[in-house]
Every structure is written in structure tokens, then in C-alpha cells.
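All chains are named by letter (A, B, ...) in the order of the sequence lines, taking the proteins before the strands, and each is independently numbered beginning at 1. Below, all heavy atoms of this structure are taken into account, side chains as well, without hydrogens, waters or symmetry copies. Keep in mind it's a predicted model, so treat the numbers as computed, not measured.
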2 protein chains.
Amino acid sequence: MGPLPEGIPMPRPEPISFRRSTLGGDVYEALKSLVLEHRLSPGDRINIDALAREFAVSPTPIREALARLESDGLVRKRPLAGYTVSPLLTRAEFDAMFEMRLLLECASTRWAAERADAARREAISAEAATTVASEEDDPDGWHAAFTALDARFHDLVAEASGNDLLRDGIDRLHAHLHLHRRYFPYAQAGATLEEHRRIAAAIQAADPDGAESAMREHLTRARERHLPAFD
Amino acid sequence: MGPLPEGIPMPRPEPISFRRSTLGGDVYEALKSLVLEHRLSPGDRINIDALAREFAVSPTPIREALARLESDGLVRKRPLAGYTVSPLLTRAEFDAMFEMRLLLECASTRWAAERADAARREAISAEAATTVASEEDDPDGWHAAFTALDARFHDLVAEASGNDLLRDGIDRLHAHLHLHRRYFPYAQAGATLEEHRRIAAAIQAADPDGAESAMREHLTRARERHLPAFD
DNA sequence: TCATCGTAGATCCTATAGGATATTTCCGGC
DNA sequence: GCCGGAAATATCCTATAGGATCTACGATGA
């Protein structure tokens with residue numbers, strides 16, 4: 001079993017004495033990355049044997065990784081016919097997802113404002129102050145950087161809520177959102193960042209009502225920004 | 001590959017032309033059942049080779065099923081050292097779970113009251129009217145029956161919310177709750193059923209505030225009923 | 001008696017092989 | 001040209017085998 005092929009962003013570090021991961025774990029991360037970074041598109045067939053040849057591994061770790069990704073909701077399995085990448089959200093699914101985001105993320109923001117320690121409040125504010133380079137410089141790189149920034153911000157808030165189950169639930173939602181976002185232009189980064197800063201300020205000020213209201217407004221506007229994609 | 005061994009409640013029906021499941025799928029269901037029906041206890045080591053011998057199958061479908069169950073949160077994997085059943089909730093985890101239940105299930109109940117069609121409202125009321133036989137007659141069977149009834153009621157409400165993501169989230173929470181419940185006596189079935197009936201009546205009456213309030217009270221009391229277990 | 005080290009056996013992980021099933025291609029009939 | 005059936009090929013699924021790693025136990029030394 002040689003090194004993983006070029007183009008797969010998953011270097012295999014040399015084993016060291018406290019290394020605890022396995023090939024199977026690495027394959028899961030690589031496949032997840034293929035999906036979330038859109039090198040496998042929604043609806044694409046995932047050919048186990050071809051992937052095993054491409055990764056130069058046996059099918060066994062591929063199958064295990066796919067089983068995990070199925071439970072994560074990122075791929076779908078048809079028994080005896082294989083796996084596909086989960087499709088893009090329908091309009092109804094999109095609405096359900098934003099409804100769920102509103103439920104989970106408004107709560108997480110309120111709880112963060114109530115409960116976060118000073119270090120976490122500071123980290124949220126610092127993240128909200130982060131900017132990304134201009135979109136004209138590098139459109140693809142910009143998109144990835146902006147997406148990563150947005151994800152980090154929301155995850156920091158979810159972590160600060162103090163409820164791990166809630167954080168996990170938000171993380172799962174974001175994986176679905178990631179799948180979706182590449183295919184629908186995400187306009188108005190400036191507005192998004194301003195909204196993040198408003199949320200962070202309310203959390204810093206330990207203002208639960210203000211924080212929840214700012215997150216609600218952010219998500220409502222984010223939803224509106226996405227809606228043209230369904231026209 | 002012969003039939004599955006006695007004692008495993010998973011008959012393998014003869015293949016029929018429209019059968020779409022696989023051995024791997026059957027193994028997943030059987031393992032999940034072992035965990036949720038507590039024939040594997042929290043913290044138990046899961047020995048892949050022994051299970052493969054016991055089920056008279058190869059390790060491959062066992063490993064895939066375990067990968068899925070790990071993503072479901074029901075088992076935990078230590079790389080190179082195998083899987084264990086997820087442990088019982090700590091008090092802090094228990095609190096986080098009930099906090100999450102309150103968030104998700106109060107919303108699902110409110111939405112069900114707002115949105116459910118007449119058939120669903122009727123189904124919820126019918127389910128709430130269902131009773132289980134007396135606990136003295138068959139303590140083990142009673143417990144399983146009561147647990148199943150409770151799960152069905154809550155899932156009907158979640159389904160009636162009209163948001164599949166929310167229903168999935170509640171389902172995942174309930175799997176964790178199932179894991180926990182066998183080890184802590186679930187007292188006062190009468191009170192629980194009365195609370196279910198109050199929730200159902202508010203949903204039937206299309207009263208979102210009343211429904212949400214009834215579910216909040218039910219969950220708050222359920223939580224209190226569990227708390228002595230941590231003493 | 002306790003701690004450490006070495007060894008044997010058990011278990012985990014992955015590769016390979018083979019059978020079952022699905023999909024694609026080809027051919028014949030209308 | 002279109003449709004249906006058969007054959008060929010690809011793919012999926014699972015069993016088996018073998019190497020890597022972990023765990024448990026016994027022996028030895030302080």
C-alpha cells in the first residue's frame with residue numbers, strides 16, 4: 001500500500017509513536033473533504049472500486065468510510081447499487097434547514113451570551129473582526145476562505161453555548177449547508193461580516209436578547225440572500 | 001453462511017425479488033437492537049471477531065455496521081483497540097440532553113399544533129390514549145412496552161412538526177435516551193400518560209401555546225423523575 | 001512484594017478473491 | 001427507429017487470509 005495519490009489533500013504522515021489514527025480514518029476524512037470541497041458533486045455516483053484504485057487502497061476502508069458518511073447524511077446508499085453524494089437541497093428542504101438553523105442557532109447564541117467565559121467571548125469577537133481578502137483577487141480562494149471563516153464563527157458561538165449536543169447538531173446542519181453553498185453564489189460578504197460583528201458585540205456584552213435577535217436577523221437575511229438561487 | 005444464530009431477534013427472510021436489503025443492513029439493525037435493547041451494556045467492549053463468529057458472518061459487515069453506529073453516537077471507537085458501547089450519560093450530559101430535548105421537542109410540539117393535518121392530529125390523540133398492561137404482570141415486558149409507546153408518541157409529534165431535520169434530531173436524541181433509560185427506573189407511567197394526553201389534546205385543538213406549554217411541563221417532570229438516579 | 005520486561009495469544013485492520021447483482025451493450029424482431 | 005431480451009461487463013458485497021497492534025500473563029530483578 002503506497003502513498004495516497006497526488007491531488008488528494010491528505011498527506012500520510014510517517015507513523016510516530018503516539019499516532020492513533022488509521023488508514024480507515026484517513027480515508028473517511030479524505031472522502032468527506034471530497035464531498036465538502038465539492039470535488040464530488042451532489043448526485044454523483046461514488047464508485048467504490050474506482051476510488052480504491054485511485055487511493056491505492058483496498059475497498060474495505062472505503063466501504064467503512066462511506067458507511068460513516070451515510071450516517072452523517074452526506075452520501076446516500078442504494079443497497080446493491082452503491083452510493084451517491086446527497087443531492088442539493090430542494091426548496092422545501094432548504095426551508096426546513098433554515099427553520100432548523102433559526103431554532104438551533106438562536107438558542108446557541110442566547111446561551112453563549114448567558115454562559116460564555118471571558119476567553120470565549122473574546123475569541124468570538126476576534127473571529128468576527130477577521131476579514132478575508134477581496135473577491136476580485138482570487139474568486140475560488142475567496143469563496144473557500146469566506147466559507148471557512150463563516151463556519152468558524154458559527155462553531156465558536158455553538159461551542160460557547162455550553163451544550164455539546166447542540167454544537168453537534170449545528171455542525172451536522174453546516175455540513176449540509178456546505179454542500180449547498182458552492183452552487184449558489186453567496187453574495188454580500190460585507191453584510192455578513194457586519195452581522196457577525198453585531199452578534200459578537202451582543203455576546204461580549206452578555207446580552208442574551210440582543211444576541212438572539214442579532215442572530216435571528218443574520219439568519220433571516222442569509223436565507224433571503226440564498227433564495228434567488230431557487231428562481 | 002448459514003442462518004443467524006438463535007437468540008438474535010433478526011430472522012433472515014428468504015430472498016424475494018423485490019428485497020432491497022443486504023446482510024450488512026441486517027447486521028446494522030441487529031447490532032443497533034443489541035445496544036438499544038440493552039443486551040450490550042454501556043461501556044461493554046464489542047469484539048468484532050467474536051460477533052462475527054456468533055452471527056456466523058465475516059467481519060466486514062460487522063465493521064461497516066459499527067462504523068454507522070459510531071456516527072449515530074451509540075458506540076465509540078478507539079483506533080486499533082476496537083469499539084465499546086457508549087457509556088451512560090454523566091449528570092452534565094444528562095442535563096445537556098434534557099436542555100436539548102426542551103429546545104427541540106417544544107418546537108416540534110408547537111409546529112405540530114400549527115401545521116398538522118387532521119389525520120396526524122387524530123393519530124397523535126389515538127396514540128396518547130393507548131395504555132400498557134400493568135407493571136406487576138411482567139416487569140421486563142412492561143418496561144419495553146412502555147418505552148416503545150413513549151417513543152412512538154414523541155415520534156408522531158416530531159413527524160407532525162413538518163420538519164424532517166427536526167424529526168431526525170429528535171430521533172438521535174431518543175436513541176441516547178433509550179440507552180440511558182433501562183438503567184434508571186422510570187417511575188410514574190400514569191403521570192406520563194396523562195401528560196401525553198394533555199399534549200395531544202392541545203395539538204388536536206390547534207393550540208400552539210398550550211401544546212408547547214404541555215410538552216415543556218412533561219419534559220420538566222420527566223427530567224425530575226430521572227434525577228434521583230444520579231444520587 | 002512490586003515494578004518492569006518479554007512473550008504469546010487475541011484482536012484489529014486491510015488486502016485480496018470470488019460470487020451475486022446491477023448496468024450497459026448488443027442483437028433481433030417488429 | 002424503437003423496444004425487449006440476452007449476454008457481457010462492471011460493480012457491489014462478503015468471506016478469507018495475513019500482517020500489525022494491543023492486551024494479558026508470567027518471569028525476573030530490585
Heavy atoms from C-beta onward define the side chain here; which of [options] lies closest to that of [X]?
X	options	value
B:Leu80	D:dT16, C:dT14, D:dT21	D:dT21
B:Ile48	D:dC13, D:dT11, C:dC13	C:dC13
B:Arg78	C:dT11, C:dC13, D:dT23	D:dT23
B:Leu23	C:dA15, C:dT11, D:dT14	D:dT14
A:Arg53	D:dA15, D:dT11, C:dT11	D:dT11
B:Val57	D:dC12, D:dC13, D:dA15	D:dA15

**Q.** 5' priority, DNA chain C, between A:Arg45 and A:Gly24 [closest heavy atom]
**A.** A:Gly24
Please report the distance, rounded to the nearest Å, between [atom1] in [X] and [atom2] in [N].
X	N	atom1	atom2	value
B:Asp49	D:dA15	CG	P	13 Å
B:Tyr83	D:dT21	OH	P	18 Å
A:Lys77	C:dA22	NZ	P	13 Å

Q) Looking at residues at least two apart in the chain, or sitting in another chain, which of them share a side-chain hydrogen bond (donor to acceptor under 3.5 Å, both in side chains) with B:Arg223? A) B:Asp95
Q: Output all residues satisfying side-chain hydrogen bond (donor to acceptor under 3.5 Å, both in side chains) with A:His174, sequence neighbours left out; order by chain, then residue number.
A: A:Glu105
Q) Do A:Glu127 and A:Arg152 sit within salt-bridge range, that is, some charged N less than 4.0 Å from a carboxylate O? A) yes
Q. Using 4.0 Å as the upper bound for N to carboxylate O, is an ion pair formed by B:Arg167 and B:Asp164?
A. no
Q) For A:Val85 and A:Ser41, what are the C-alpha separation, side-chain angles and deciding distance, and is it a side chain to side chain contact (heavy atoms under 4.5 Å, CB included)? A) CA-CA 7 Å; A:Val85 180; A:Ser41 302; over 6 Å; no
Q. Contact class for A:Leu51 vs. all strands (heavy atom < 4.0 Å): base, sugar-phosphate, or nothing?
A. nothing
Q: May I ask you to verify if any side-chain N or O of A:Ser58 is less than 4.0 angstrom from the OP1 or OP2 atom of C:dA15?
A: yes
Q) In residues 60-68 of chain B, which residues come under 4.0 Å of DNA chain D by heavy atom? A) B:Thr60, B:Pro61
Q: Tell me yes or no: between the side chains of B:Tyr28 and B:Asp72, is some donor less than 3.5 Å from an acceptor?
A: yes
(Q) Is the ring pair B:His154/B:His218 parallel, tilted or perpendicular, if the boundaries are 30 and 60 degrees? (A) parallel
